[in-house]
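Chain A is the first sequence line, chain B the second, and so forth, proteins listed ahead of strands; every chain is numbered from 1.
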Number of protein chains: 2
Amino acid sequence: MTTVSIKEVAELAGVSIATVSRCMNSPDKVSEKTRIKVQHAILETGYTPNTLAQSFRRGRTNIVMVVLPSIGDPFFTLVMRGIRNAADARGFSIIINETQFNTITADEIAAMVVSRQTDGIILLASMSPFGTEVLSEQSHRTLPIVVGCETVAPELSKFPSVHIDNVAAAKEATGYLISQGHERIALVCGSATSLLTKDREFGFRAAMREAQLKIELGWVVNGDLSVEGAIRATRSLLNHRHRPSAIFCTTDEMAIGCLHAIKSAGLSVPTDISVMGFDDTRYAAVMDPPLSTISQPAVEIGERVMYRLCREIDQGRGAGNSEKKPELVPHRLIIRESIAPPADL
Amino acid sequence: MTTVSIKEVAELAGVSIATVSRCMNSPDKVSEKTRIKVQHAILETGYTPNTLAQSFRRGRTNIVMVVLPSIGDPFFTLVMRGIRNAADARGFSIIINETQFNTITADEIAAMVVSRQTDGIILLASMSPFGTEVLSEQSHRTLPIVVGCETVAPELSKFPSVHIDNVAAAKEATGYLISQGHERIALVCGSATSLLTKDREFGFRAAMREAQLKIELGWVVNGDLSVEGAIRATRSLLNHRHRPSAIFCTTDEMAIGCLHAIKSAGLSVPTDISVMGFDDTRYAAVMDPPLSTISQPAVEIGERVMYRLCREIDQGRGAGNSEKKPELVPHRLIIRESIAPPADL
DNA sequence: CATTTTGCTGTAAACGTTTACATCTTGCCC
DNA sequence: GGGCAAGATGTAAACGTTTACAGCAAAATG
């Protein structure tokens, strides 16, 4: 049963292949009569257009690539859900490219751009700023790119982006800890090269500075975004000669590791140490104790990023005239039981 | 800067396009001299082959589709990692299709098959047996399909598969609970239409039967595979007039919800109720208490499934002569602190 | 040296679409 | 009825590769 092409439909219907093609793509350009004739022929032959040929001819694959650190992180899972929602609605498929916490290089992106397998790229992972620079020159002319979750310095980047105000959110989270009476607050965050990490760290430091609280050396621990990394980071904090009374983890995933490390050291949360997370993933509320955190509209971010990318794609590759201002979405502080005033108060 | 095609390379190198093509695909068929000439021309022009045209011409996209219930489940994340490892090694990209816990229909698969965007399909999600039947006739002739994680009745299915012995594993897990003295054991499992769920339920029932233990009505709770579903299921068990002394959850994801529901009802694990998980995801060990579970070689399953699919693809679409016997991989019972002898012992 | 073999290269067809352009039909207007 | 517009359809080129086949030169063989 060899695959049936447009030609056979044309023959059966007694028309030219052009007419068949028109029936599918612009039915208004073909007469009622022949249209139903062709319709029947299509049904009879069981014809379906060869997507490969279409992609080739149209120069469009209807595939977009999403680059992210880890699909395992429940937060990104949610963003992906949003992306997928929007993609489905627009008939796009998605290829996922996991960086496994490495910052992605311009070369790697360029390689994706060059292999024309995709119509556009969504960047949820950090690129080195240098990378961004190079890319914006080379590639954005040829392939639409939209950044999500990450803050991108607007003057640096020529890419549209969708994200929360990470600096403000981190400041708010830290501020809440301070408002509960904490003065010795540590930060467990991701790789120092990540812009997202930098922003949240910046917000943390700003809040501490404004409250005139000191950040001891070793209280800011850069790890990766994994549970295990957070366990190691927390252990080092517990052994610190100035043990913090609260730990702010810049992702819930890390907060899970943090909780575990504290509890398995025989301490209790929040009695001995308070823990703040970030992202409000589906595990946050079922942790023991339930995790205070910053909620991001993850699904919405995904949807908006994808729709934004669709706009870029539709208006022609790298038209460059689109609005590059970041789309900001709101975050929300969620108070649960993982935070209490410090014991020494 | 319009994209450069093979033609321009040919002109610059002073050869025909056929020669350029041969340089890239079968360099041994072209003389040393012209090869370096062409190499230079390629570098100079910055030529990269148009993947779309290649796919079209070769009838090969080097894309495979993975169908799974949920990328959010940490177990599938691991399987995906394995799949991706193997795919990267073989130059394949991956399109993910999430079913959101619904069983997938034959029609949906057929649609994927028909749109020739992919070279093959990996099924990690349950299909209705009927679907499998239909598919094997229609589609497997045209597009390679490999099943992972799921047990497939070998006489029913014409697809190769890679998975653990789910019946034996569930039996073993239940057996361990029994060996600890438990006699009132409940099961929290996924949708009743899922083969995987059925197998594990079957193993559970077999172990109970062999130990001559009674399964009260309402002790087997079918939900979805989500945390929330497990919370609801567990609550119903806690309110059961014969409250079980142990709960076996057929995935860790559900065990997380189960733990939460028990603890937030004011009971303690394992003192009041023991909990057994399944999958040994990265959260299992950091739960409170750490979760006893069945470990599957998830990454390996992914890799083997993908390699299997590569074999199918390479030997020509649906050659049909390939070995269809399921590849069994070993599982392992992991004992942690979530299980203790029942209080009434 | 004639013949065959070998190795390399070019020619051109093919893959299945889409689409600009040409052609043809029909009906309409003056 | 001649001319023309509008609408429907067909013709053929184009997209960028791969590859069967032909051709040709050089090397090997007798």
Side-chain angles (χ1 to χ4, degrees), chain A residues 1-39 41-42 45-63 91 114-119 142 316-317, chain B residues 1-39 41-42 45-63 91 114-119 142 316-317:
Chain A
M1 179 205 172
T2 170
T3 49
V4 31
S5 83
I6 200 173
K7 207 167 147 191
E8 289 146 74
V9 178
E11 274 169 17
L12 181 59
V15 298
S16 76
I17 60 168
T19 303
V20 178
S21 175
R22 274 189 286 255
C23 274
M24 318 212 65
N25 302 315
S26 35
D28 49 311
K29 289 190 175 174
V30 69
S31 81
E32 174 91 20
K33 214 176 61 181
T34 52
R35 203 184 324 146
I36 65 166
K37 206 166 53 181
V38 171
Q39 283 298 353
I42 287 176
T45 54
Y47 167 72
T48 55
N50 182 329
T51 319
L52 262 51
Q54 284 181 325
S55 292
F56 169 51
R57 177 58 227 235
R58 298 180 178 159
R60 257 276 212 132
T61 56
N62 275 23
I63 298 176
V114 136
S115 105
R116 304 163 186 74
Q117 241 175 142
T118 57
D119 294 340
T142 64
R317 342 215 116 192
Chain B
M1 179 207 172
T2 169
T3 49
V4 30
S5 83
I6 200 173
K7 209 169 147 191
E8 291 147 72
V9 178
E11 274 168 19
L12 181 59
V15 298
S16 75
I17 61 168
T19 304
V20 178
S21 175
R22 273 188 286 253
C23 274
M24 319 213 64
N25 301 317
S26 35
D28 48 312
K29 289 191 177 176
V30 68
S31 80
E32 173 91 20
K33 215 175 62 180
T34 53
R35 203 186 321 148
I36 65 168
K37 207 165 53 179
V38 171
Q39 284 296 353
I42 287 175
T45 53
Y47 167 73
T48 54
N50 182 329
T51 319
L52 262 52
Q54 283 181 324
S55 291
F56 168 52
R57 176 58 229 233
R58 308 208 250 233
R60 259 266 217 143
T61 55
N62 276 22
I63 297 176
V114 136
S115 103
R116 303 161 186 77
Q117 273 216 82
T118 55
D119 294 339
T142 65
R317 343 213 116 192

Can you check whether [X] has a side-chain N or O nearer than 4.0 Å to OP1 or OP2 of [N]?
X       : N      : value
A/Ser21 : C/dT17 : no
B/Arg57 : C/dC15 : no
A/Gln54 : C/dT18 : yes
B/Ser16 : C/dG10 : yes

Using a 4.5 Å cut-off on heavy atoms from C-beta on, say whether the side chain of [Y] contacts that of [X].
X       : Y       : answer
A/Asn50 : A/Ser5  : no
B/Val15 : B/Val30 : no
A/Arg35 : A/Val38 : no
A/Met24 : A/Ile42 : yes

Between D/dG16, C/dA12, C/dG16, spot the one nearest the side chain of A/Ser5, thanks.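 Closest nucleotide among those given: C/dG16.
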What pair of heavy atoms forms the shortest contact from B/Tyr47 to B/Val9, and how long is it? CB-CG2, 3.4 Å
If you take all heavy atoms of A/Ser16 and A/Ala10, which pair is closest and at what distance? C-CB, 3.8 Å
What is the nucleic acid contact for [X], judged by heavy atoms within less than 4.0 Å: base, sugar-phosphate only, or nothing?
X       : result
A/Thr19 : sugar-phosphate
B/Thr34 : sugar-phosphate
B/Ile17 : base

With rounding to the nearest 0.5 Å, note down the distance linking CD in B/Gln54 to OG1 in B/Thr51. 6.0 Å
Look up atom CG in A/Asn25 and atom CZ in A/Arg58, then write down how far apart they are to the nearest 0.5 Å.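 Output value for this atom pair is 5.0 Å.
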Grab the [atom1]-[atom2] distance between [X] and [N] for me, whole Å please.
X       : N      : atom1 : atom2 : answer
B/Lys33 : D/dA26 : NZ    : P     : 10 Å
A/Arg58 : C/dA20 : CZ    : P     : 14 Å
A/Arg60 : C/dT19 : CZ    : P     : 12 Å
B/Glu11 : C/dG10 : CD    : P     : 13 Å
B/Leu52 : D/dG16 : CG    : C1'   : 10 Å
A/Lys7  : D/dG10 : NZ    : C1'   : 15 Å

Compare the aromatic ring of B/Phe56 with the six-membered base ring of C/dC15 and state whether they stack according to the 5.5 Å and 30° rule. yes
Quantify the bending of the helix from C/dC1-D/dG30 to C/dC30-D/dG1 as the angle between its end axes, each fitted on five pairs, to 10°.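 Comparing the axis at each end, I get an angle of 50°.
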Is the backbone of B/Ile17 close enough, under 3.5 Å, to the side chain of B/Ser21 for a donor and an acceptor to pair up by distance?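 Side chain of B/Ser21 to backbone of B/Ile17: no pair is present.
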So does A/Gln117 get a backbone contact from the side chain of A/Thr61, meaning a donor-acceptor N/O pair under 3.5 Å?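 Confirmed, A/Thr61 side chain pairs with A/Gln117 backbone.
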Residues from residues 22-32 of chain A lying under 4.0 Å of DNA chain C - heavy atoms: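 Those residues whose heavy atoms fall under 4.0 Å from DNA chain C, taken from residues 22-32 of chain A in numerical order, are A/Arg22, A/Asn25.
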